[in-house]
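These notes concern the structure reproduced below.
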Amino acid sequence: MEKNFIEIENLSYAYDEDEGDKVPVLNGISLNISKGEYVAVLGHNGSGKSTLAKLLNMILTPTSGKIIVDGVDITSDELTEDAMFELRKKVVMVFQNPDNQLVATIVEEDVAFGPENLGYPSEEIRKRVDEALRTVGMSEYAHHEPHRLSGGQKQRIAIAGIIAMSPECIIFDESTSMLDPSGRKDVLNTMEKLNKEKGITVVTITHYMNEAAQADRVVVIDDGRILMDGTPAEIFSKPDVLRNAGLDVPQCSAIVEELKKLGVPLDGDCYSTELCAELICNYLTNVQGL
Amino acid sequence: MTKIKLENISYVYSPGTPYEVTALNDVSVDITEGTITGIIGHTGSGKSTLVQLLNGLEKPSSGRVLVDGTDIWEKPKEISKVRFKVGLVMQYPEYQLFEETIKEDIAFGPRNMGLDEAEIEERIALASSFVGLDEELLEKSPFDLSGGQKRRAAIAGIIAMKPDVLVLDEPAAGLDPLGRDEIFKSIVKYRNETGATVVIVSHSMEDMARLCDELIVMAHSKVVMQGNCREVFSNAGELEKIGLSIPQVTKLMMLLKEKGVCVDGGVYTVKDAVSELAKLFKIDH
Amino acid sequence: MKNISFGQYYPAESIIHRLDPRTKVILAILYIVCSFVCQSAIGFTALIFSMLAIILISKIPIKTILRSIKPVIIIMVFMAFLNLFLVKGGVELTVWKITIYSKGIYTAVTSVLRVISLIIGTGIFLTYTTTPIELTDGIEQLFGFLKKIKIPVHEFAMMMTIALRFIPTLMEETDKIISAQKARGADFTNGSIVKRAKALIPILVPLFISAFRRADELAIAMECRCYRGGEGRTKLHVLRYRTRDFISMFIFIAFLAGLILINCFGVEYPFIENGWF
């Protein structure tokens, strides 16, 4: 991996309550994300994960601490509008509600919105739009009206609109939480494809475990602090920590945990059904010789 | 005893136009009193239309909806009485909150029923205790609540009508695990304490397995399966064929069975799976 | 509700459909001018024929066009009657106790003709053959020069686009809110006007809240997609005038010139003065 693309240094954020009290949301978070990484930030609602997204997106300014993106301090007061524009080209966001991100009444016009803002000539925009729609598998819908599409399809159009700007990093802010299972699966596949095939850095902020399982690295946030930082296998092998952080424990991990408590020495990754089945089978053949 | 009976229901959207869509095609379903019945199916299978027929929000193109043995469309003028009896919580119900305080919003339904103020107060207290909303929250504006709290307030608005049947269309959509668990807890509590019948639409098989007594599986505008969790989830192949998943536990047990391990493939909760596997490992559980 | 479509765009393959939207705006304006320039019977005859020609070329069924005239029929009838009884001049005609004049008949007929040509002209060029989005695009580019005098043309166009994008979404949302409140026993059909107006509050409040929330989120999403106003923006579809645009504009200008010429040389009210009535 190359040098750090996003550096978060001791980041804190607190908002003002009515009586002038400060309510802390983030308490000194430090996190480095390298180029090309696929990171899931896991946490329940109110854990501070969406505040982190808003800080990364320059919607909020931190109470203390810094965020450095590609060598530029985005939390600096002296950040010029042009510098901000440059940053927005590099780090883009996909939001929760697909409806509220689409601007135009025709799919391809919407995908073109970003490149149009960046001032590319129209042949270049055409190329980018076609390419982006192909990447998300929505080429045949180029001339459709967004409001007639399903949630998952709309979200993929929103993603196409963003990759048409050829960003270096995409932050998904709970982008699958309003989708049905098939829509979620399509969006997750797209995320993986963008990271693995296009080399785009992907940060996904979520509370869904299967979304985290697919990432290379999982960061668990609770109470505005980083609780855990590791591979999915490492994270899922600690059901207690997940439970305390208000998160779901995948059923397979829960079964293995219970069996361990009963004295069955199961050791190994078990965050997917396949791994778990294998683990149990191996145990049965090796230890008990069944 | 059958609480709700759907007889040969068909429902067609925009009939006679180029946009004509058949949402339900000759559907017959019985929902037993006091059970929690889950409706599963992918988007567009007709399940959202089905729940809107239960309380008379939509009128079937053909067929009858019977609640307690009477056709709800017998007296169309009295349809609102059916809506008080069969309370429907729609998707993302927090978007319908409109009063200045949560309390007033919960009172909207009871007030439409024409209850007196004392009774309304009582209903508010009852409903908010079912969903676990603290009294101090009742005086707050919906804007000051968290997403999960708003959702529970909206559900309280329906519970305050004391419906015999509580119908919820994806009550946990978009909530995190804590928010989801709180909602499900209130639903189970309402059923247990009032003996009401509950109908839930959800996409999460794990949630359905944990909550429901009965399951109705819908696909292509029809009911394709109906039975208890065990009966439905043991048809994993068929569920996958219509694009639905099965709970992770069931999947694990089926994988083990495929690999030649002798386990029951119809297990659908973590607890049952653990005791099943414990048997296998010859441990006293 | 989901299938609602906006404007009255009628998809068909005609040369008018394929014209540049800017051309269509110009043609619509020219056509309106033509209908006002018309004075003489020859001019109006030409106007009727041109109308028929435009309808035929546009391939839009007469039925559809007649439907657009329907809402203004009452106004037209009213206008015709006013002209009929108030305008004096020419040959007198007394039926029972009412006296009308030939000039009155003439103005009544021509004023109705003018309104019809106005509706059909703008209708065919601006709504039936042009999608709202094309029209917005066309207007933005045609009046782009107004930016120089600080008229926010781009912003208006953007607002128009966003409105078109969100109207169906909000309609759908309204439907959902109505159902949700009905499920709580809300009654929108019975009671006095005051009661019914009050019954709208549970619909309007959530709808407005949601619209503001959407606006907020959309603004952030647009900013994230590097939107910073019209400046420096390019377009996926660049409008280009083609030969057919120049030809059609030439035809219309020639038609207008012809009408003006008829006015200069032609005689006003030929039938009346010759006493043919």
Side-chain angles (χ1 to χ4, degrees), chain A residues 18 42-47 49 96-97 150-152 174 176-185 206-210 242-243 245-259 261-266 270 272-285 287-288 290, chain B residues 19 40-44 91-92 144 146-149 170 173-181 202-207 209-210 243-263 267-278 280-285:
Chain A
D18 303 332
L42 262 181
H44 66 87
N45 294 346
S47 60
K49 66 181 197 301
Q96 184 179 24
N97 190 334
S150 74
E174 305 212 39
T176 64
S177 74
M178 288 182 81
L179 308 180
D180 65 1
S182 69
R184 189 170 296 151
K185 211 160 125 197
T206 181
H207 59 249
Y208 290 104
M209 301 316 272
N210 55 345
L242 289 176
R243 223 169 266 135
L247 294 167
D248 269 337
V249 177
Q251 291 187 325
C252 287
S253 303
I255 291 173
V256 172
E257 184 197 18
E258 287 298 317
L259 289 173
K261 274 186 201 159
L262 294 173
V264 186
L266 291 169
C270 57
S272 73
T273 36
E274 286 77 16
L275 287 173
C276 188
E278 215 169 291
L279 189 66
I280 293 172
C281 282
N282 285 345
Y283 174 76
L284 286 174
T285 39
V287 183
Q288 298 193 328
L290 280 170
Chain B
Y19 299 118
I40 52 182
H42 57 85
T43 311
Q91 268 178 50
Y92 296 99
D144 296 333
S146 74
Q149 287 170 331
E170 301 214 35
L175 294 182
D176 67 353
L178 293 174
R180 177 200 61 204
D181 290 346
S202 172
H203 282 303
S204 163
M205 297 301 155
E206 281 82 9
D207 292 347
R210 218 166 40 164
L244 296 171
S245 59
I246 47 173
Q248 221 190 2
V249 184
T250 317
K251 214 186 268 171
L252 174 70
M253 296 313 250
M254 298 219 155
L255 266 176
L256 287 174
K257 220 171 155 184
E258 265 171 43
K259 286 177 190 268
V261 182
C262 181
V263 285
V267 169
Y268 55 89
T269 61
V270 173
K271 212 176 121 209
D272 291 348
V274 170
S275 52
E276 184 73 20
L277 288 170
L280 199 68
F281 294 135
K282 301 187 181 83
I283 308 166
D284 286 328
H285 184 42

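- The two residues Cys281(A) and Lys259(B) have their closest heavy-atom pair at SG-CD, 3.3 Å.
- The line from CG of Asp180(A) to OG of Ser204(B) is 13.0 Å long, rounded to the nearest 0.5 Å.
- Highest contact tally toward chain B, considering only Ala254(A), Ser177(A), Ala277(A), is held by Ala277(A) [criterion: heavy-atom pairs under 4.5 Å].
- Residues Leu284(A) and Val261(B) are in side-chain contact: their nearest non-hydrogen atoms beyond the backbone lie under 4.5 Å apart.
- A distance of 12.5 Å separates CE in Met205(B) from CD in Gln251(A), rounded to the nearest 0.5 Å.
- Using a 4.5 Å heavy-atom threshold, the side chains of Ser182(A) and His42(B) count as separate.
- One distance of note links CD1 of Ile280(A) with CG of Leu277(B); it measures 5.0 Å at 0.5 Å rounding.
- Comparing Thr176(A), Leu179(A), Ile255(A) by how many heavy-atom pairs each has under 4.5 Å with chain B, the most go to Ile255(A).
- For the set Glu258(B), Lys251(B), Glu206(B), the entry with the most heavy-atom pairs within less than 4.5 Å of chain A is Glu206(B).
- Listed for the His207(A) side chain is a donor-acceptor partner under 3.5 Å among the backbone atoms of Leu175(B).
- Using modelled atom types, no side-chain atom of Glu258(A) and backbone atom of Val274(B) make a donor-acceptor pair closer than 3.5 Å.
- Contacts of Glu274(A) with chain B are made by both backbone and side-chain atoms, with heavy-atom separations under 4.5 Å.
- When each of Leu252(B), Thr250(B), Val249(B) is paired with Thr273(A), the side-chain contact (heavy atoms from CB on, under 4.5 Å) condition holds for Leu252(B) and for no other.
- In this structure, chain A has no heavy atom under 4.5 Å from any part of Ser146(B).
- Within the 4.5 Å cutoff, side-chain heavy atoms of Arg180(B) are placed close to those of Asp248(A).
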